[in-house]
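Here the structure comes first, spelled out in structure tokens, and everything after it is commentary.
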Amino acid sequence: MVFWELMPRVRFAPSPTGYLHIGSARTFIFNWLYARKNNGTMILRLDDTDIERNTQVSIDSIFDGLNWLGLSWDEYYRQSERLDLHKEMAYRILAAGAAYRDFTPAQTEEEKQEDSGPWLFHPGMRELTSEESDARAAAGEPFVVRFRVPRGEGKAVKFKDSVFGDQYKKADEIEDFALLRSNGMPTYHMASCADDVDLKIDHIIRGQDHLTNTFKHVLIFEALGEVKPKFAHLPLLIAPDGAKLSKRKHGPVVSVTTYRDAGFLPQAYINFLCLLGWSPKNNREQMSRQELMDAFTFGGVNRSNAVVNFSEADPIDPKAQWLNGQHLRTVELAELLPMVRARIEADGLAIPEERFGLIVETIRARYTSLHDFAVKGRPYFADDFVMEEAARERLDEPGARELLRELGARIAASAEFTEASVEKILRDLATEKDVKPGVLINGSRAALTGQAVGPSAFHLFMAMGRERSVARLEGV
RNA sequence: GGCGCUAUCGUCUAGUGGUUAGGACGGGGCCCUCUCAAGGCCCAGGCAGGAGUUCAAUUCUCCUUAGCGCUACCA
């Protein structure tokens, strides 16, 4: 075996008929984890053979979401540019006798409703002689090309799934599925298998909704004389009501960009998605991309569908929010700062460069979203912030305002401005005026941030800087 | 209807032929404390139901039920 044969080639193959769905994103992530862990090749392939339903908006949404997640791919293809290949392979199967032309007109919706039993093939079409078939095709009669599923031979179609184990199905129960439509376009099954062969995909990792389709795909690979790839099917992501996630029914929670727009860190969201249907089996929850990559195995993938826990009242899964908070307070500051900066600047606020890192360090432990820095954190970046009721009550305490103004004056006059110096000034003042330090401490927080709760007051002074601190104390 | 897949706290999950069925989120409480958050500790909460195999089943087998998927000239 040569070295490159050890390096897997995997693909993520979305069809651009909507926004980037969170289930799709998770499929991408698992493919990516597997490829990167094994020095493999990650391929992005747009399965855009359904020209009726494809939209540019959808393609943009897929790239949007993927770019946000920050996961890379090595090769990029569009099925619509590879139709000749798909057709060529379909005709190769036809020529080999493993497929046949079906001249039956397309069924209408009502006709489909009527037949209740399992449909396997249209009578008479499998038996057409090649002369008759060629003649009718030459005469311009429309047809679909169907796979001639082996019947009455007791053939079993089987494959081994890396997640679901050995899979087996009687060929007699598989319908003669279409390879080519009457307009000459390949179907999903044909295009997908042709590309998987041509692109030398050796491990197909996709949603469990394709588990039963895989029997058809195995038949195609066999008819093409190709070694079939390995398969790994992932459990589906479903809504709390048990239904599959759909935009129509569940709204924006199904779109990746919703989480970006909700102030998620991409690594936190990746972490969350990985925990849906996969487990490192060691009780680890918060994990970096590298840790996820190291820990990923198909053995850790679950077989049952996972519920994304959202509601009308709280559209974000609480565990996702918690994870975001965990990442927010543990990620390298240098990595966090640009993301916070972008969020702050989006609100048109000015960043005090010399204290930016300190501010973020001071407040990040109490936030769970990037938005919090601009909303709850507004007093750190702007002077027009709202004074909360609870904070006003602190200031309204008897004598509080005078004390705070005095504190401001003393801080302004002090030669030094450090946590220790401010603390000394504050405590000395409290002793001198015979009040509890808490009055000044809590009062300072209220004056500086307009909030009754928040970081330690002495950290606050440093984060706000001398000028802003003094101004706010003297302005109470 | 047919075929397939699945079934452990509300949710995500670990787990074993013998365990007080473990962890996390969320909920409740306590501690810490200048407030809040973080952190620490504690509490409530679960093996879908029924048979069978076995000395012993949450674990193995079968049935039922439920959910999901496929059953298109969608992907």
Side-chain angles (χ1 to χ4, degrees), chain A residues 13-17 47-50 52-54 79 102 104-107 109 112 115-120 142-146 161 163-164 167-170 173-175 177-189 191-192 207-216 233 235-236 238 240-244 272 275-286 300 302-310 314 317-323 325-326 329 363-368 390-391 394 423 426 436-446 451-458 460:
Chain A
S15 47
T17 55
D47 279 9
D48 56 351
T49 54
D50 187 0
E52 309 281 296
R53 298 201 299 154
N54 294 334
Q79 281 198 326
D102 181 349
T104 311
Q107 280 191 306
E109 279 305 310
K112 264 189 268 174
D115 30 67
S116 51
W119 178 87
L120 293 174
F143 59 86
V144 304
V145 173
R146 288 190 186 283
D161 190 276
V163 173
F164 287 87
Q167 301 295 309
Y168 161 101
K169 188 165 189 169
K170 296 189 189 80
E173 289 170 347
I174 302 171
E175 76 280 4
F177 53 94
L179 262 23
L180 250 31
R181 300 187 262 233
S182 55
N183 63 4
M185 291 286 283
T187 61
Y188 160 73
H189 301 302
S192 178
Q208 197 225 52
D209 46 345
H210 288 297
L211 190 64
T212 45
N213 283 334
T214 305
F215 294 106
K216 296 171 190 168
H233 288 88
L236 267 19
I238 58 177
D241 63 4
K244 75 172 183 183
F272 170 67
L275 260 20
L276 252 23
W278 174 82
S279 162
K281 298 186 186 291
N282 59 185
N283 284 345
R284 284 293 309 276
E285 305 249 70
Q286 192 206 334
N302 234 32
R303 285 194 266 262
S304 49
N305 294 343
V307 172
V308 181
N309 197 11
F310 62 85
D314 187 4
D317 190 312
K319 192 153 191 171
Q321 199 71 68
W322 169 77
L323 265 176
Q326 292 297 311
R329 62 184 127 271
I363 56 185
R364 65 165 165 172
R366 24 186 73 71
Y367 293 171
T368 61
R394 298 275 193 207
E423 178 159 7
L426 185 146
K436 282 188 282 189
V439 174
L440 281 166
I441 289 172
N442 293 324
S444 295
R445 184 181 302 105
Q451 296 161 8
V453 299
S456 160
F458 303 114
L460 262 180

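In the text below, chain A, chain B and the rest are named by the order of the sequence lines, each starting its count at 1. All heavy atoms count here, side chains included; hydrogens, waters and symmetry mates do not.
- Salt-bridge check for A:Glu175 with A:Arg146: failed, with every basic side-chain N at 4.0 Å or more from each acidic carboxylate O.
- If you measure from atom CG of A:Leu180 to atom C1' of B:A75, you get 16 Å, rounded to the nearest angstrom.
- Here A:Ala457 lies in heavy-atom contact (under 4.0 Å) with a base.
- For the pair A:Asp317 and A:Phe272, the minimum side-chain heavy-atom distance is below 4.5 Å.
- Comparing B:G28 with B:A38, their P atoms sit 13 Å apart, to the nearest whole Å.
- Contact annotation for A:Gly277: backbone-only contact, meaning every heavy-atom pair under 4.0 Å involves sugar-phosphate atoms and none involves a base.
- With hydrogens and angles disregarded, no donor-acceptor distance shorter than 3.5 Å links the side chain of A:Gln167 to the backbone of A:Asp161.
- Nucleic acid contact class of A:Phe272 (heavy atoms, under 4.0 Å, all strands): none.
- For A:Phe458 and B:C36, the CZ to P distance is 16 Å, given to the nearest whole Å.
- Checked against B:U35, B:C73, B:A14, the side chain of A:Arg445 finds its nearest nucleotide in B:U35.
- Two residues are said to be in side-chain contact when any heavy atoms from C-beta on lie closer than 4.5 Å; A:Asn302 and A:Ser279 fail this criterion.
- Taking the P atom of each, B:U11 and B:U16 are spaced 22 Å apart, rounded to whole Å.
- Among the heavy atoms of the strands, none lies under 4.0 Å from A:Pro437.
- No contact: A:Ser192 has no heavy atom under 4.0 Å from any strand.
- A 4.5 Å side-chain heavy-atom check between A:Ile441 and A:Phe458 finds at least one atom pair inside the cut-off.
- Comparing A:Gly438 and A:Phe143 against RNA chain B, the residue whose closest nucleotide sits nearer the 5' end is A:Gly438.
- Using a 4.0 Å heavy-atom distance criterion, A:Pro142 is classed as making no nucleic acid contact.
- Contact annotation for A:Thr214: no contact, since no heavy-atom pair falls under 4.0 Å across all strands.
- A:Lys319 has its side chain within reach of A:Glu285: a pair of non-hydrogen atoms, C-beta onward, lies under 4.5 Å apart.
- With B:C12, B:G15, B:A75 as the choices, the nucleotide that has an atom nearest any side-chain atom of A:His189 turns out to be B:A75.
- Between B:U53 and B:U19, the distance separating the two C1' atoms is 22 Å to the nearest Å.
- Between A:Arg181 and the phosphate of B:A75, there is a side-chain N or O to OP1/OP2 separation shorter than 4.0 Å.
- Using a 4.0 Å heavy-atom cutoff across all strands shown, A:Val307 reaches sugar-phosphate atoms only and no base atom.
- In this structure, the nucleotide among B:U13, B:C36, B:C70 sitting nearest to the side chain of A:Ser279 is B:U13.
- A:Lys319 has its NZ atom 5 Å from the C1' atom of B:C25, to the nearest Å.
- For A:Asn213, the side-chain atoms get nearest to B:C70 when compared with the rest of B:U35, B:C70, B:C73.
- Note: CH2 (A:Trp278) to P (B:A14) measures 10 Å, nearest angstrom.
- Figure legend. B:G18 is base-paired to B:C55; pairs are counted as Watson-Crick or G-U wobble with both atom distances under 3.5 Å.
- Between A:Arg53 atom CZ and B:A72 atom C1' there is a gap of 11 Å when expressed in whole angstrom units.
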After noting the C-alpha distance and the side-chain angles of A:Asn54 and A:Thr17, does the key distance pass the side chain to side chain contact (heavy atoms under 4.5 Å, CB included) rule?
CA-CA 5 Å; A:Asn54 294 334; A:Thr17 55; 3.8 Å; yes

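- Under the 3.5 Å distance criterion, the side-chain polar atoms of A:Thr187 are matched with a main-chain donor or acceptor of A:Ala178.
- Between the NE2 atom of A:His233 and the P atom of B:A75 there is a distance of 17 Å, rounded to whole Å.
- Residue A:Gln326 is in sugar-phosphate contact alone, with no base atom involved, counting any heavy-atom pair closer than 4.0 Å across all strands shown.
- Within the nucleic acid shown, A:Lys170 has no heavy atom closer than 4.0 Å to any nucleic acid atom.
- Base-pair partner of B:C68: B:G4 (Watson-Crick or G-U wobble, both distances under 3.5 Å).
- Nucleotide B:C25 forms a Watson-Crick or G-U wobble pair with B:G10, both donor-acceptor distances falling under 3.5 Å.
- With a 4.5 Å cut-off on side-chain heavy atoms, A:Val163 and A:His233 do not count as touching.
- Closest to the side chain of A:Leu276, from the set B:C12, B:A24, B:C73, is B:C12.
- As rounded to the nearest Å, B:G17 and B:G52 have C1' atoms that lie 15 Å from one another.
- The A:Asp50 side chain lies nearest to B:C74 when the options are B:A24, B:C74, B:U13.
- Closest approach to the A:Trp119 side chain among B:C70, B:C36, B:A72 is made by B:A72 (side chain taken as heavy atoms from C-beta onward).
- A gap of 29 Å separates the P atoms of B:G67 and B:A75, to the nearest Å.
- Across all strands shown, B:C73 forms no Watson-Crick or G-U wobble pair with both key distances under 3.5 Å.
- Residue A:Arg146 is classed as a sugar-phosphate contact, given heavy-atom separations below 4.0 Å to backbone atoms only.
- You'll find the side chain of A:Pro118 stays beyond 4.5 Å of the side chain of A:Glu173, heavy atoms only.
- Note on A:Asp102: nothing from the nucleic acid sits closer than 4.0 angstrom, heavy atoms only.
- Proximity of A:Ser15 to A:Asp50: side-chain heavy atoms (C-beta onward) are nowhere separated by under 4.5 Å.
- Base pairing annotation: B:G45 forms no Watson-Crick or G-U wobble pair, as no partner gives both donor-acceptor distances under 3.5 Å.
- Toward the 5′ end of RNA chain B lies the nearest nucleotide of A:Asn442, the other residue of the pair A:Asn442 and A:Gln79 mapping further downstream.
- One atom, CD of A:Glu285, and another, C1' of B:U11, lie 12 Å apart when rounded to the nearest Å.
- Counting atom types as modelled, A:Asn283 pairs a side-chain N or O with a base atom of B:G22 as donor and acceptor under 3.5 Å.
- Evaluation of the side chain to side chain donor-acceptor pair (under 3.5 Å) rule for A:Asn309 yields no partner, not counting sequence neighbours.
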Spell out protein contact along nucleotides 3-10 of chain B as letters: B when the base is contacted, S when just the sugar-phosphate is, - when no protein heavy atom is under 4.0 Å; keep the 5' to 3' order.
SSSSS---

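- Separating the C1' atom of B:U59 from that of B:C42 is a span of 30 Å, rounded to the nearest Å.
- Atom CD of A:Glu175 and atom P of B:U71 are 7 Å apart (whole Å).
- Remark: the separation of the C1' atoms in B:A14 and B:C47 is 13 Å, to the nearest Å.
- The partner of B:U33 is absent, by the rule that a Watson-Crick or G-U pair needs both atom distances under 3.5 Å.
- Side-chain nitrogen and oxygen atoms of A:Lys281 include at least one within less than 4.0 Å of the OP1 or OP2 phosphate oxygen of B:A14.
- You'll find that the side chain of A:Pro118 is closest to B:G2, out of B:A75, B:G2, B:U35.
- The P atoms of B:G23 and B:G45 are separated by 14 Å, rounded to the nearest whole Å.
- Residue A:Ala452 is in base contact, counting any heavy-atom pair closer than 4.0 Å across all strands shown.
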